[in-house]
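The sequence lines fix the lettering, A, B, ..., with proteins before strands; numbering per chain opens at 1.
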Amino acid sequence: MRIVFPDSSAKEYEAGTTGLEIAGDISQGLARNALIIRFNGDLLDLTKPLHDDGGIEILTFRDEEGKKALRHSCSHLMASAVQKLYPGTRLGIGPSIENGFYYDFNIPEFSGISAFERIAAEMKRQVKENIPFIRKEMSFKEAVALFCDKGEKYKLELLEELRDAGESISVYIHGDFVDLCRGPHVPSTGYMKHFELLSTAGAYWRGDEKNEMLTRIYGTVFDSSKNLREHLSMLDEAKKRDHRKLGSELGLFTIGGEGGPGLVYWLPAGTIVREELENHWKKAHVKSGYQLVSTPHIAPVELWKTSGHYDYYRDNMYFLDIDKGEYALKPMNCPGHIIIYKNSKRSYRELPMRLAELGMVYRYEKSGVLHGLMRVRGFTVDDGHIFCTEDQIVEEIQKVVNFALYFLKIFNFGYRIELSLMDPADPGHYAGKPEEWKKVELALAKALDDMGEDYRSVVGEAVFYGPKIDIKMKDALGRFWQGPTIQFDFNIPQRFDLTYVGNDGQEHRVFMVHRALYGSVERFIGNLIEHYAGNLPGWLAPNQVVILPIMESQLERAEEVESILTNLGIRCTLDGRNETVGYRIREAETSKVPFMLVIGERESASGRVSLRVHTEGDRGSMKLDEAIETIMAGCRRPELP
RNA sequence: GCUGGCGUAGCUCAACUGGUAGAGCAGCUGAUUUGUAAUCAGCAGGUUAGGGGUUCAAGUCCCUUCGCCAGCUCCA
């Protein structure tokens with residue numbers, strides 16, 4: 001048979017040769033690293049004998065599919081260990097996921113995380129034994145008989161769904177363990193030397209809260225102990241950067257408890273961070289052609305009926321009775337901006353009209369989903385609504401994407417753009433006419449194409465009221481977060497009958513775009529804290545400089561320096577406490593103050609200071625002006641767009 | 001919301017199978033006058049999340065409410 005390689009070179013092999021043998025023919029190293037193959041587009045086991053001509057790709061841990069196969073194989077390995085140690089364990093599902101795998105079980109008398117050691121020991125034993133994974137194909141009936149025999153009720157339920165698929169059913173066997181599985185798998189258990197069991201949690205069977213709760217065990221596996229160690233230390237680092245921990249250590253905010261779950265109380269230091277972010281946001285928006293507005297926190301329920309929120313978002317809203325009317329706390333800012341738009345008859349000459357507000361919204365979120373600043377019940381959306389004509393769409397989208405990227409650049413976030421489009425199979429689900437959708441979808445794509453931005457189109461991901469562009473931001477640990485979002489809206493202009501008078505004297509339906517760049521100010525600050533590990537850039541640091549006189553005799557000079565810095569708009573504090581310099585420096589370092597000015601006898605007499613930079617250390621003695629210059633540069637606010 | 005875990009001083013954590021709470025840090029007071037990540041001493045701090053129950057006796061066992069954490073589900 002003729003085998004073609006990815007570089008389009010080709011070679012003849014005898015029929016029945018396996019992927020592993022072909023890999024070995026290329027190099028020993030490749031054979032060692034190979035996990036599975038892609039053959040004529042199908043992912044197959046390395047050990048499967050090949051019979052036809054075709055294109056082969058040998059996949060290793062560096063390939064996404066190879067990684068998945070190893071992790072999925074490891075979930076089988078773990079399941080076999082669990083089933084051996086806990087007889088009577090019924091298997092749920094055990095897929096690979098980003099960064100690892102899990103398996104859901106119904107385990108009788110499971111002892112939680114303390115069982116990990118035993119499970120891991122059994123897994124290691126099997127790794128050492130290097131048991132081969134054997135694929136076996138069988139008819140639907142045979143498979144039912146097999147799993148029925150084993151009492152695997154969940155597997156039988158999964159099988160039911162394959163009943164009419166008509167394909168033959170495949171199972172994978174290693175040792176005594178059998179699992180319903182499409183594959184592919186790595187050749188044997190010996191491939192999973194570098195695994196780690198991570199955590200356990202409850203999970204509903206098939207993700208449905210009406211079903212029974214199974215025990216889920218999470219783990220991960222890598223191709224080398226180095227990579228495993230790196231991943232584990234990344235998890236460790238993420239834990240250290242947890243914004244909830246840093247937020248309370250740095251005195252930025254407090255959430256929940258007596259103050260109510262999911263409600264954020266900004267402490268003075270955290271308020272400075274917020275104010276700086278918001279002020280910069282406002283300036284940047286004014287400069288970019290937005291008009292700032294402000295709307296109330298509550299509005300009559302009729303407004304929410306008109307907007308449609310009452311129908312589809314009621315369960316997440318808070319209601320209150322005032323006089324004889326019913327009101328709702330705003331879960332979104334758009335209806336408020338609509339009222340402002342509708343305040344007078346609008347001319348095409350006023351468009352595009354860009355309204356922006358840092359608007360606090362309240363949404364009922366289920367108690368279990370609340371998480372620090374990332375998921376709360378009251379938060380500030382940096383909302384903007386653009387009203388424009390059809391001709392202006394492309395340009396407005398480009399402007400707003402650029403504007404969003406400007407904000408990510410300020411903080412050195414990476415990014416990835418997603419364009420969410422309608423599902424053409426289900427046009428009834430969406431507001432607006434399909435031909436309008438097409439037009440706008442093309443306009444969004446054109447806007448991105450013209451800018452030369454890479455993006456991924458996701459069909460069927462659009463919300464019902466319009467297509468959208470989501471920008472996911474990538475932080476210092478390589479994690480992606482929900483970032484700026486730009487959403488087209490066919491629904492609201494229609495519901496509120498939003499129009500403008502064109503140059504033809506006729507009324508036209510206005511086009512509307514919602515956009516948020518920080519998303520939620522609260523969540524964004526959470527992201528910033530984790531991204532910077534609490535070492536916020538100078539302009540955001542609540543306290544920018546600590547002034548440290550060494551002895552009481554330098555207190556007067558220290559006060560002079562303090563007032564000089566304060567007059568320059570630098571946030572500084574004087575720490576003249578009766579403590580050693582070492583002690584006060586340590587405290588300034590742990591509270592992550594970017595700069596320290598130490599003033600001793602030598603400096604005091606000569607108008608100098610000794611500058612120390614957070615995490616870097618002592619910069620030595622210098623003229624006050626020189627230190628101020630360094631401090632001002634380190635605390636400079638970002639350039640406006 | 002669901003499942004599980006947890007809740008002891010401002011923070012981090014102790015208190016064996018039930019025998020009426022203890023330390024470090026922070027705080028306060030004093031001594032010390034300090035040269036780049038913790039000077040010393042003293043003092044104070046708790047209805048053990050709230051409520052109810054079992055017991056001679058509850059931080060510890062049971063019930064319940066609240067909150068927090070992990071995961072699931074959800075996320076216009």
**Request:** Measure from NZ or CZ of A:Arg416 to the centre of the six-membered ring of A:Phe480 and say whether it is under 6.0 Å with the direction within 45° of the ring axis.
**Result:** yes
**Message:** Base, sugar-phosphate or nothing for A:His371? Non-hydrogen atoms, less than 4.0 Å.
**Reply:** sugar-phosphate
**Message:** For a quick check, tell me whether the side chain of A:Arg375 and the base of B:rC74 share a donor-acceptor pair closer than 3.5 Å.
**Reply:** yes
**Asked** If you check every side-chain atom of A:Tyr583, which of B:rA38, B:rU73, B:rU34 has the closest atom?
**Response** B:rA38
**Item:** Nucleotide paired to B:rG22 in any strand shown, Watson-Crick or G-U, under 3.5 Å
**Value:** B:rC13
**A:His337 side, atom NE2; A:Asp383 side, atom CG - distance, nearest 0.5 Å** = 6.0 Å
**Message:** Rounding to an integer number of angstrom, what distance separates B:rC6 and B:rU17 when you compare their P atoms?
**Reply:** 14 Å
**Asked** Distance check: side-chain N/O of A:Arg577 vs OP1/OP2 of B:rU34, anything under 4.0 Å?
**Response** no
**Asked** Any donor-acceptor pair under 3.5 Å joining the side chain of A:Arg612 to the base of B:rA37?
**Response** yes
**Prompt:** Taking the six-membered ring of A:Tyr102 as reference, does the NZ or CZ atom of A:Arg216 fall below 6.0 Å from its centre and within a 45° cone about the axis?
**Reply:** yes
**Message:** In whole Å, measure the gap between the C1' atoms of B:rG67 and B:rU8 for me.
**Reply:** 15 Å
**Request:** Indicate, yes or no, whether a donor-acceptor pair under 3.5 Å links the base of B:rG35 to the side chain of A:Gln554.
**Result:** no
**Request:** Measure up the A:Tyr313 and A:His309 rings against each other and bin them: parallel (under 30°), tilted (30 to 60°), perpendicular (over 60°).
**Result:** perpendicular
